[in-house]
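Reminder, nothing fancy here: chain letters follow the sequence lines and each chain counts from 1.
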Amino acid sequence: MTKMTKHSPLACLSKAELFKDLPKNLREKLVTISTHQEYFPKGSLIRQPFDGKDGMLVMDKGHAKIYSLNEDGKETVLGTLNKGDSEGQEHLFSDGNQENYIQATTDTWICSMTRKDFQNLLQETPGLALRLLNSFGKKLVAVEQNAIRRNSMDAKERIMAHLEDLSKKQEANVVTLELKKKDLASLLGITPETLSRKLKELENENRIEVKGKQIRIL
DNA sequence: CCATTAATAGGCG
DNA sequence: CGCCTATTAATGG
């Protein structure tokens, strides 16, 4: 393990979309119930079933993927986490064990807080509850949309739709894939081979240009 | 270097 | 399309 960066809990929480517009006094309240910064080396599991960890986490630095495992041992990628993203909000409301895995895809630092502490704070802080609901809703829409695409669009269309999402999010015509292509394939509900082939097709149709993880949308 | 993992290609159902 | 296998590229130690 390398150096330990000095940790500012307030700065960490303030990066989160969910918290960053909160008045400082509220953020300081959150700090009082949050853990110290935790380090996870690339490839390690931040969360897994039956690890006994509840509550939510905030990405301070790094990237991670969320996935589930079926009985054949194959993983299905459910989403990604980037700096400032928060995850595990559902565990703030119920104390069941989660069935998903969260794995660091780069060296990662996170902050977290437990369900109990968070619930107590929520009761004293309605404004916080409102923001949480809004964020929760946005996530729901994204998940729903991916589900809709899986059922209504063929592989090529799904890939293009995803690239356009990325383009919008990254505000560029040249997008950078945040996942390995095999993980992206899993997220889109297709195989890596199909992804590879369809990217080629799209390229031949002059709709995109692929250079490794950089893709230009034409 | 070697070993492992990721990406691509081709065949087939 | 997915699944399987072979080949190649990229990655890590």
Relative to the ring of A/Phe19, is the ring of A/Phe118 parallel (under 30°), tilted (30 to 60°) or perpendicular (over 60°)? tilted
Using whole Å, report how far CD of A/Glu201 lies from P of B/dG10. 13 Å
Rounded to the nearest Å, what distance is computed from the CG atom of residue A/Leu199 to the P atom of nucleotide B/dA9? 11 Å
Phosphate-side-chain proximity, A/Thr191 and C/dG2, N/O vs OP1/OP2 below 4.0 Å: yes
Distance, rounded to the nearest Å, where A/Lys180 contributes NZ and B/dT5 contributes P: 10 Å
By the 4.0 Å heavy-atom rule, please label A/Lys42 as base, sugar-phosphate, or nothing. sugar-phosphate
Lys/Arg N to Asp/Glu carboxylate O, A/Asp60 vs A/Lys15, below 4.0 Å: yes
In whole Å, I'd like the distance from the CG atom of A/Leu184 to the C1' atom of B/dT8. 15 Å
Checking all strands, does A/Ile190 fall into the base, sugar-phosphate, or nothing category for heavy-atom contacts under 4.0 angstrom? sugar-phosphate
Under 4.0 Å from OP1 or OP2 of B/dA6: is there any side-chain N or O of A/Lys181 that close? no
For the pair made of NZ in A/Lys65 and C1' in B/dA6, what is the distance, rounded to whole Å? 11 Å
Evaluate whether atom NZ of A/Lys116 has more than 12 neighbouring non-hydrogen atoms of other residues, nucleotides or ligands under 6.0 angstrom away. no
Separation of C/dA9 atom C1' from A/Lys213 atom NZ, nearest Å, is 14 Å
Ignoring backbone atoms, test whether A/Lys182 places a side-chain nitrogen or oxygen under 4.0 Å from the OP1 or OP2 oxygen of B/dA6. yes
Please give, in whole Å, the distance from B/dT8 C1' to A/Asn204 CG? 14 Å
Distance in angstrom units between A/Glu203 CD and B/dA7 P, rounded: 16 Å
Could you check whether A/Gly43 gets within reach of a base, just the sugar-phosphate, or nothing at all, counting any heavy atom under 4.0 Å? nothing
With heavy atoms under 4.0 Å as the rule, sort A/Lys198 into base, sugar-phosphate or nothing. sugar-phosphate
Establish whether the base of B/dG10 is bridged to the side chain of A/Arg197 by a donor-acceptor pair shorter than 3.5 Å. yes
Using a strict cut-off of less than 4.0 Å between a Lys/Arg side-chain nitrogen and an Asp/Glu carboxylate oxygen, indicate whether A/Lys169 and A/Glu178 qualify as a salt bridge. yes
What about A/Glu193, does its side chain sit under 3.5 Å from the base of C/dC3 through a donor-acceptor pair? no
Hey, is A/Lys29 close enough to A/Asp117 for a salt bridge, meaning N to O under 4.0 Å? no
Distance check: side-chain N/O of A/Ser196 vs OP1/OP2 of B/dA7, anything under 4.0 Å? no
